Trainee: 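Take a look at the following structure, please.
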Protein chains: 2
Amino acid sequence: MPPTQKELAKLAGVSSGTVSNVISGSTSVSERSRQKVLDAIRVLNYQPNLIARSLKTNRTNTLGIVVPDITIPFFPKIIKGAESAARERGYFLIVLDSESSHLREADMIALLRAQRVEGILLVAAGGEVLSPERMASLTSSSPVVCLDRLPADLDVDSVCVDDCGAAEMAISHLMGMGHREIAIITGPLTLYNEQERLRGYRQALQKGGIPFQKSLVWGGSFEQDQVARMCQNGLLRPAGRPSALFATNGVTGLAALRSLYAVGLSTPRDFSFVTFDELTAEDFFKPGISSVIQPTFDMGYRAVEVLLRRLDKETAEAPRESVRLPATLIVRDSSSTPYSESSKSESANGKVRGLRA
Amino acid sequence: MPPTQKELAKLAGVSSGTVSNVISGSTSVSERSRQKVLDAIRVLNYQPNLIARSLKTNRTNTLGIVVPDITIPFFPKIIKGAESAARERGYFLIVLDSESSHLREADMIALLRAQRVEGILLVAAGGEVLSPERMASLTSSSPVVCLDRLPADLDVDSVCVDDCGAAEMAISHLMGMGHREIAIITGPLTLYNEQERLRGYRQALQKGGIPFQKSLVWGGSFEQDQVARMCQNGLLRPAGRPSALFATNGVTGLAALRSLYAVGLSTPRDFSFVTFDELTAEDFFKPGISSVIQPTFDMGYRAVEVLLRRLDKETAEAPRESVRLPATLIVRDSSSTPYSESSKSESANGKVRGLRA
DNA sequence: ACCGAATCATGAGACGTCTCAAATCGCAAC
DNA sequence: GTTGCGATTTGAGACGTCTCATGATTCGGT
């Protein structure tokens, strides 16, 4: 139904080769022929068939990105950056959602490969260790760049924030406000970046001369229920409970806050709180949550740059690239001095005891 | 580099036609041949080349969706629903962002058409009336289904909420709390759904016997600055100012709240507030914002169903479909009785006067 | 006017898949 | 051992584009 180059050729009175040359702008074509062809294009409202072109050239000008859950605000921002970079270079971006399932993630990647995308951006579904087969499938054929959540031990290009440094910054901030018992709520520690954030936590404690307590490391999953249980157990106990919480990502951070609000605890009254990632339009809801902000747009943008560099024959064989971007700490209401130093008896502990009964 | 059917045929010792038949499962193939081919597929790790298949069959099994801004939480939810429905039917979904620009939107649609997507879901960029050319381009060749923001006078299938009814519900709720001066902050009225929401507003007023005042219709754009100006002017004036605000969408709603918080007004103390769309994780931030919740996932899902029905030869010629889904009103902190009936002097008016000085 | 060298135009062939008319096979009936 | 017929298999051709070897044209120089 749509017009083809052959029809253009007939209308313009030139050969199909000439039409092709005009369209791809490659070989020299006389001005006269060019105009005839351009006229024909206008008359027939011709659109090149990218499918046919791809078949011939073996290039699709398409990249794919797979994220665990597109409805988590963090990911669309990455996607936007990636799409921006992609389009600037003339590439399409296919967006797929793995629903945080490794199975579906593998399917999505297979689909993208079948569609002959030239490269893939991957924010891995968390939670499991990679099987050797999956690892192999990731690194074979079209190149992959991992973002944010790096599967441990996977030898591919990657872009993420300086997780360790960002976590250290957050913890230092809390220590600076006088906190000495700081719990950390992590996601799955199979993810390299979660390990790194935990490392930053320990590093900050060490620099501050505070002993590390294993009992203050909570979480280890994105499961809302598990996070809720650990937070409630951890903060409702009568003694030795932390005065501050640090969540290593927005998902567990939100789950933690929800679960604690549900039992009547609130920040900063009962505990100080800092989380990775922007939870919401935090600048006008109360309380504002102190957050470690990642340069999401940049991450997506840079990841595409890395990927395209890998696609370019000239630079395809370069050593693995691991881009680390700096994060920013935004201090809002939720991080304050410890309750133990201010309004201990009337609000916090009293409340807690009442709830435990 | 990847294996082709021809190579499979050679390895399996059959013809290329037989291989094709095995793969597409079409014509009858003997069990013996089938096994030989399946073995070869396994040995060579064959993946069909979807590009070549598309060229031959003239089908891409791909849909496209263009949204104004993927970082607005409303859209990823729609996308998720659409992707879900698409994948269930074996379709891909290409996600594109028009950055709320008609120009880019047209580009995106052209790109999708060049990629030979079979159909397009469109959440139109707001703000301008459609030129006849653009209108024509929208309705030509591959079918389009509009979601949420319907360009006025465009004759295509559409899926959105019952905008009029939802707005009426929200306003009735406010009137039920005793409000009689209710301002409405709309987006661009070139969008059909914005018109509808305004209509619902008027309808509710009428049923409640409250005269419509043109001076209480603010906004008319998604521009943050313009919204801010109108809200501040409207609420800071000494007399005749409304006791409640209704925002017809999340973008202007957020802008309105921000601008009012910025001048020291807060809800529900100084004004009651209801907005279309979920602004954030509103159930635990204070104040919770009363919201009209749209069935976003369903909208995307249903839109794909409508689109695929249009693609199916059997039902392609059916009359235009306009799906209207019901919305839900979630009442939270921000809608309450008017300040004039409760704590008038101490908080609201006093504050306002102070600020105007 | 003619030659050689650019420059420009041509059209067949290939990309990997599907389709389909024609050829071949297997087997039962005679 | 033929014949006949349905079940399988075959392989050429087409989808729309690009490539490239070849052929045609132009043009400056003499």
Side-chain angles (χ1 to χ4, degrees), chain A residues 1-41 44-62 90 111 113-118 141-142, chain B residues 1-41 44-62 90 111 113-118 141-142:
Chain A
M1 192 65 209
T4 70
Q5 290 189 2
K6 201 185 291 183
E7 300 173 59
L8 285 185
K10 198 187 300 173
L11 180 60
V14 298
S15 75
S16 67
T18 299
V19 171
S20 178
N21 283 334
V22 169
I23 287 165
S24 58
S26 57
T27 325
S28 52
V29 178
S30 72
E31 196 50 33
R32 212 162 56 88
S33 302
R34 171 183 310 283
Q35 281 311 325
K36 284 193 291 187
V37 172
L38 291 179
D39 285 348
I41 288 177
L44 296 183
N45 190 22
Y46 169 83
Q47 296 268 106
N49 184 327
L50 266 34
I51 301 286
R53 182 178 297 177
S54 287
L55 178 59
K56 178 63 189 171
T57 61
N58 204 23
R59 302 208 35 215
T60 54
N61 278 284
T62 301
L111 273 175
R113 293 246 161 87
Q115 285 280 5
R116 296 295 194 268
V117 300
E118 297 182 29
S141 67
S142 48
Chain B
M1 192 64 206
T4 71
Q5 290 189 1
K6 200 186 292 183
E7 300 173 61
L8 285 185
K10 197 187 302 173
L11 180 60
V14 298
S15 76
S16 67
T18 299
V19 171
S20 178
N21 284 334
V22 169
I23 287 165
S24 58
S26 57
T27 326
S28 55
V29 177
S30 73
E31 195 49 35
R32 210 163 57 88
S33 301
R34 171 184 310 284
Q35 281 311 326
K36 283 194 294 188
V37 172
L38 292 179
D39 285 348
I41 288 178
L44 296 183
N45 191 24
Y46 168 82
Q47 295 267 106
N49 184 327
L50 266 34
I51 302 285
R53 182 173 346 216
S54 287
L55 178 59
K56 179 62 189 172
T57 61
N58 204 23
R59 301 205 38 215
T60 53
N61 278 284
T62 302
L111 273 175
R113 292 245 161 86
Q115 286 279 4
R116 296 295 193 270
V117 300
E118 297 181 29
S141 68
S142 47

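Just so it is clear, the structure is predicted and the values come from calculations on it, not from any experiment. In what follows, chains carry the letters A, B, and so on, assigned in the order in which the sequence lines appear, proteins first and then strands, with residues in each chain numbered from 1.
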Trainee: For residues A:R59 and A:S54, report the shortest heavy-atom separation together with the two atoms involved.
Mentor: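 Where A:R59 meets A:S54 most closely, the heavy atoms are O-OG, 3.0 Å.
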Trainee: Rounded to whole Å, how long is the line connecting atom CG of B:N49 with atom P of D:dT17?
Mentor: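 Rounding to the nearest Å, CG of B:N49 and P of D:dT17 are 17 Å apart.
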Trainee: List the atom of A:Q115, the atom of B:T62, and the distance in Å for their closest heavy-atom pair.
Mentor: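 In terms of heavy atoms, the two residues are closest at NE2-OG1, 3.8 Å.
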Trainee: Report the distance from atom CZ of A:R53 to atom C1' of D:dC15, rounded to the nearest whole Å.
Mentor: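 Between C1' of D:dC15 and CZ of A:R53: 16 Å.
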Trainee: Round to a whole Å and report the spacing from CG of A:L50 to P of D:dC18.
Mentor: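 The answer, rounded to whole Å, is 9 Å.
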Trainee: With nearest nucleotides of DNA chain D determined for A:T57 and B:A52 from heavy-atom distances, which residue corresponds to the more 5′ nucleotide?
Mentor: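 Nearest nucleotide further toward 5': that of B:A52.
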Trainee: What are the two closest non-hydrogen atoms of B:S142 and B:R113, and how far apart are they?
Mentor: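 Reported closest heavy-atom pair: OG-NE, 2.6 Å.
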Trainee: Just the rounded figure in Å: distance from P of D:dT17 to CZ of A:R59.
Mentor: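 That distance rounds to 18 Å.
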Trainee: Could you please spell out the steps behind the side chain to side chain contact (heavy atoms under 4.5 Å, CB included) verdict for B:L50 and A:R116?
Mentor: CA-CA 8 Å; B:L50 266 34; A:R116 296 295 194 268; over 6 Å; no
Trainee: Expressed as a whole number of angstroms, how long is the span from A:L55:CG to D:dC15:C1'?
Mentor: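 Result: 9 Å.
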Trainee: Starting at the 5' end of DNA chain C, write a dot or bracket for each base, bracketing those in Watson-Crick or G-U wobble pairs whose two distances are under 3.5 Å and using | for partners on another strand.
Mentor: ||||||||||||||||||||||||||||||
Trainee: Can you give me the closest heavy-atom contact between B:A52 and A:L55, atom names plus distance?
Mentor: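 Distance-wise, the nearest heavy atoms are CB-CD1, 3.7 Å.
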Trainee: Quickly work out the B:I23 CD1 to C:dT19 C1' distance and round it to whole Å.
Mentor: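 Those two atoms, CD1 and C1', are 14 Å apart.
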Trainee: Could you tell me which non-hydrogen atom of A:N61 sits nearest to which non-hydrogen atom of A:G90, and how far apart they are?
Mentor: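 Shortest heavy-atom contact: OD1-O, 3.6 Å.
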Trainee: Measure across A:T4 and A:Y46 and return the closest heavy-atom pair with its distance rounded to 0.1 Å.
Mentor: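 Taking A:T4 first and A:Y46 second, the nearest heavy atoms are C-CE1, 3.9 Å.
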Trainee: Using whole Å, report how far CD of A:Q5 lies from C1' of C:dT10.
Mentor: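 The distance from CD of A:Q5 to C1' of C:dT10 comes to 14 Å, rounded to the nearest Å.
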Trainee: Whole angstrom is fine here: how far is it from NZ in A:K6 over to P in C:dT10?
Mentor: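 Atom NZ in A:K6 sits about 15 Å away from atom P in C:dT10.
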Trainee: Would you indicate, yes or no, if D:dC18 has its OP1 or OP2 atom less than 4.0 angstrom from a side-chain nitrogen or oxygen of A:S20?
Mentor: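 Yes, within the criterion.
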Trainee: Just by protein heavy atoms under 4.0 Å, how would nucleotides 4-13 of chain D read 5' to 3' in B, S and -?
Mentor: ----SSBB-B
Trainee: Sequence neighbours left out, what pairs pass side chain to side chain donor-acceptor pair (under 3.5 Å) with at least one residue falling in residues 31-41 of chain B?
Mentor: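 Of all non-adjacent pairs touching residues 31-41 of chain B, those that pass side chain to side chain donor-acceptor pair (under 3.5 Å) are B:S30-B:S33, B:E31-B:Q35, B:D39-B:R42.
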Trainee: Out of the candidates B:V14, B:V29, B:V37, only one should pair with B:N21 under the side-chain contact (heavy atoms from CB on, under 4.5 Å) rule; please name it.
Mentor: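 One option only clears the test, and that one is B:V29.
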